[in-house]
Amino acid sequence: MAFAGDGEDAGDPVVLEITDTSSAAASGAPSLPCPAPVCVSYLARFDPLPSPTVAVRADRHRLIESSSYFRALLGGSFRAYVQVGCNLEAAVQVLRYLFEPSESFTITPDNFLPLLEGALFLAVEGLLVECERWFRTMCSQTSATIVPLDFIIEVWYFAQEHGVTFVQDICPEYLAQNLAHVISRRSFNKIPYGLLCSTIECPHLTVDSEKQLCEAILYWVSENTKPCERPNPNSVDDHLFLLSKVKICLLPLEFATGTKRHWFDFGSNTVCTILNLLKDSLKTLMDAIADGNMEGYCIRITEYSKNIVLSGCPQITTAFLYISVLPTYLDVSFKRRIVSSYTQVDHQSLILYDELEKSAKTLLFRNVHMVDLSKCPNVHFGAAIDWLKLAFPELRILKALYCLSFQFDDLLYLLLRCPWIDEIDMAIDKSTITPRQSVVSSSSEVLGKLKRNSRKYYISCPSYDRQPNLVFLNISRLTLEGRDDIDDVDLLKISVLKNSLCYINIRNCTLLTDDGISNFLLKCTKIHSMIVSYTSFGNRSIQTLHDMTFNIQELHLGGCKGIDAAAMSQLMGMINNTTFLCLRETSLTDDALCKFFGSSLEYLDVSETVVSMSSLAPVIRRNCNLNCLKTAGCRSLLFERDKVEHISGNKYGDFLQEIGSTCLEDVEMGWGFCPIQIEDLIPSFSKVRNMAVGLGTTLAENVLHSLPVICPFLESLTLRFQVISDRVVRNLLESSVNLQVLCLHYCLGSLTSFIFQAKAPALRILCLQWVTPWITNDDLTILTKNCNLVELSLSGCKLLDSSCQEIIASGWPNLVLLHLEDCGQVTLGGVSSILNCKALEDVLLRHTGRGIRRSIVDDAIRELPLLRKLALDLCDACEEGYDSPSNAEGKMMRSLRMSRCKTLRGSCLELPSEGSSKPVHKDTVVLEWSSTRMTTTIVKERV
């Protein structure tokens, strides 16, 4: 009987008896009668395939024509029945490919390997070509999610066993191009060593940063090293070979110091390399050019790169940026000119730039959409902007956070040179001085060594009112947070973005006035998201919003004291489409909140206001998508108000009842929140990731102990004025597997060192303020073994001595924040070990022992390249005060605070005389740096 489509009636049929040689049953089972032959089209119905033998009727000529195997077996022979022993599934897939219509049979990841194995065994040349074409096409897709990593690994092993060369070429290329995505896959640690080596050595290796590559290698090595076994010398060499491929000079300093914790030799070598570059990068790069070894200093940028992340690399200069986009064929002398000129940007840089631009001597990377130069103090941003224009014509996002050297003139230059950019973030730390503080005196001076733009970089800003301004149609998001050197005139210049700007963040831009913000809003009418917290945003700006009928989606007004009750009520009635709303520390009242009828809120912060549950509960009820609710410091939540509609029922119960219909992820609570039973919290708190509980609420011990069950995804927990115990804290550390932040402030209870014996591998930030006075050096040693911190804050730990510095520095070498207050005699012998934590960005030392030398400020700025904030106390000085910084310009320094225990005549940095009474802080000397000036302020309190 013939079947249409099989070619049996048109040709010469032959029956193939295929026995599965890969099956254990085939060798052990007794011989069975031969099954009745079936046509090829019937094979698709088998699921699973019968084992161990299948008989298939197929066209002899088609087999001979397509397969060298069958050509040798059937050519010149007229046998009607032949036996074949091979992988049954592979043979069946090949027969289906040969005889089924092409439109009904496709190659997929599920049948690729059987097809490939069958094509190799049966020598089906056409199918081998088709398999290669399919695999190349699959691995050339732009999305890494198309090809599963497990599939790539399985194919690689098969190719190694069977010598399939095209797979051995394609797999490393695919992984190299998509490594940034592949790293996050669960099976990354299962990649074979040979495949990983080939991937890393591929010239198209694409990662967002050198850190990403190093992290991946260290993870792979740790997962493939068995700690219980004696390491094989060959495997050690293999691991060292992988790490040798990392360009350690491009690693972020914080990451490099962190590797010392588990990879001490590698980490120490990396940190030394980075610090040496900081001392003299020019000589290092010149020597590399002479040796023909520039590759180790070039940022990895390929045609597939989408992101370039250099954040946290103080060793990076503008020269590193330029040499990374130069073609390899340029002569040595030209490379020397580039390095020499762009290490210290001068007028020669302008000549070089013209030459680069006119002669097209830089490579173009059109896929790069984001560049992050945050915490790179040695980059000259005027020259860096030219680099962006030359190399990245499709750039959309530029991040330059905590870069004081990125001046406002640089921003204007960027807007003109790279108008295609969509998002710019140049935020810095907020000012230490707040309007609520009593300022005794203040003076400022213009910085003398500013890295200003040369004449080349200055371009007059176009008229703000020019219509239409087609140059600025792309920039939609601008973040200027903390830029207290930007004034109303500067803000008006930014209004040139009026055709595109949708998001503006001017939080803590303290020089801006209400009039200035209002004038800006009058011009930029497309803005729908405003972060204006802690500015002079006030009544006039609100009136502008009302007149212009802005469609506000996100509004942050925290700390804006210039809004009166009437203006606040007016505002609440016109922002009903808002999804993110922050009104903390404002004049918000029940009357105003009752005028808000929006139902789209996802984020609501009314902390430190006088609202009550009478107005808050209806808002919560209407906004079922609310996932963030912050009500800390709202004392009136305990009371009902007469002027608004009364809500029946228990006032505490109403709160829990209303939030019970939401699914919160972020919550801050204080007054008015008193759960009676654990069950009250479970429905609405089951997805909470961040929780802060403060004054006005006392959570029972059984509730605190059950938090890991109530909030299984908890990542951050802050407790203030709560009653805690060993049982509670130990359970949090052991059971909250995602907990990264734990802050305990002024909590009561009987804690002991028992809590530090719990392992908390996810914990990164620990703050213990006046809760653990019994902590000793031994307790800290235990803590270093059980968690890997990047921020540590301790207050009131009076048993600590100077030896704890070494414990902290060696146990957590990658600390970025260290706050020690009233901690015994930690600094009695100086601060040398603290200065060994090279990644520190924020240091506070107060009442920690009189042993800090006069030169501490200059020493800290020199030894800690990323230091932005330093707070000291004159009580700890051993040489009658501290010297003012001599060379902080061009560094990362944002603020220096020096508290004094009594007002003295003469120098503001001198120490109280011996024999003075118990220290009582009277004032603080604050030095703050912006991009243009240094301000010295004396505040009549401790800051």
Side-chain angles (χ1 to χ4, degrees), residues 200-205 207 209-211 213-214 240-253 256 265-302 305 308 310 313-365 373 376-380 382-384 386-388 390-391 451 454 838 865 890:
I200 293 173
E201 292 183 310
C202 178
H204 292 135
L205 179 63
V207 288
S209 66
E210 205 65 23
K211 170 189 173 183
L213 175 62
C214 190
L240 292 176
F241 174 78
L242 290 174
L243 288 173
S244 71
K245 299 301 177 180
V246 177
K247 300 180 182 182
I248 59 175
C249 62
L250 300 179
L251 289 174
L253 183 55
D265 291 339
F266 173 78
S268 297
N269 179 47
T270 302
V271 171
C272 286
T273 300
I274 293 172
L275 295 179
N276 288 335
L277 271 176
L278 278 165
K279 294 175 183 176
D280 192 350
S281 65
L282 177 59
K283 182 180 184 304
T284 302
L285 292 179
M286 287 296 193
D287 290 345
I289 292 174
D291 297 338
N293 188 30
M294 284 294 293
E295 181 59 30
Y297 300 92
C298 292
I299 303 162
R300 294 184 195 270
I301 314 176
T302 72
S305 296
I308 300 173
L310 299 171
C313 295
Q315 72 275 20
I316 295 291
T317 66
T318 320
F320 282 83
L321 307 183
Y322 276 85
I323 64 174
S324 302
V325 297
L326 294 178
T328 55
Y329 61 77
L330 292 181
D331 58 66
V332 171
S333 61
F334 188 81
K335 291 178 181 178
R336 284 178 173 274
R337 288 173 59 202
I338 288 287
V339 169
S340 177
S341 180
Y342 282 107
T343 298
Q344 295 292 331
V345 177
D346 53 23
H347 71 282
Q348 291 294 329
S349 307
L350 312 182
I351 301 172
L352 269 177
Y353 175 80
D354 287 338
E355 188 174 344
L356 287 169
E357 187 174 38
K358 293 176 182 177
S359 304
K361 289 186 176 180
T362 57
L363 302 173
L364 286 180
F365 301 95
L373 297 174
C376 293
N378 289 308
V379 167
H380 185 289
D386 284 334
W387 172 70
L388 297 175
L390 282 174
K451 296 181 180 179
S454 303
K838 298 300 181 181

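To the nearest 0.5 Å, the span separating CG on L253 from CD1 on I316 amounts to 12.0 Å. For the atom pair L321 CG and D386 CG, the distance stands at 11.5 Å (nearest 0.5 Å). For the atom pair CD1 of I248 and CG of L250, the computed distance is 9.5 Å after rounding to the nearest 0.5 Å. Note: C272 SG to L277 CG = 11.5 Å, rounded to the nearest 0.5 Å. Interatomic distance, NZ of K335 versus OG1 of T328, reported as 7.0 Å (0.5 Å rounding). With values rounded to the nearest 0.5 angstrom, F365 atom CZ is found 8.5 Å from S324 atom OG.
Closest approach of Y322 to W387, counting heavy atoms only: OH-N, 3.3 Å. Q315 approaches F320 most closely through the heavy-atom pair O-CE1, 3.6 Å. Closest approach of V379 and A384 over heavy atoms only: CG1-CB, 3.7 Å. Taking both residues in full, the closest heavy atoms of P252 and K211 are given as CD-CB, 3.7 Å, listed atom of the first, atom of the second, then distance. Residues L390 and L364 share a closest heavy-atom pair of O-CD2, 3.0 Å.
When side chains are defined from C-beta on, Y342 does not count as touching L285, because their heavy atoms never get closer than 4.5 Å. L275 has its side chain within reach of P865: a pair of non-hydrogen atoms, C-beta onward, lies under 4.5 Å apart. Side-chain atoms of L363 and L326, non-hydrogen and from C-beta on, never get closer than 4.5 Å to each other. Using a 4.5 Å heavy-atom threshold, the side chains of L356 and I338 count as touching. In this structure the side chain of L205 never reaches within 4.5 angstrom of the side chain of K245, judged on heavy atoms.
Of the possible polar contacts, one joining the N378 side chain to the P314 backbone as a donor-acceptor pair under 3.5 Å is found. In this structure, the side chain of T318 engages the main chain of H380 through a donor-acceptor pair within 3.5 Å. S305 contributes a side-chain N or O that, together with a main-chain N or O of T302, makes up a donor-acceptor pair within less than 3.5 Å.
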field: Verdict with supporting geometry, I200 and V246, side chain to side chain contact (heavy atoms under 4.5 Å, CB included)
entry: CA-CA 9 Å; I200 293 173; V246 177; over 6 Å; no
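Screening residues 266-282 for side chain to side chain donor-acceptor pair (under 3.5 Å) gives no qualifying pairs among residues at least two apart or on separate chains.
Screening L251, I299, L310 for a side-chain contact (heavy atoms from CB on, under 4.5 Å) with E210, the sole residue that qualifies is L251.
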Let me have the donor-acceptor pairs involving side chains of residues 287-298, under 3.5 Å, with sequence neighbours excluded, atom names and distances please.
residue, atom, partner, partner atom, Å
D287, OD2, K283, NZ, 2.9
E295, OE2, K247, NZ, 3.1

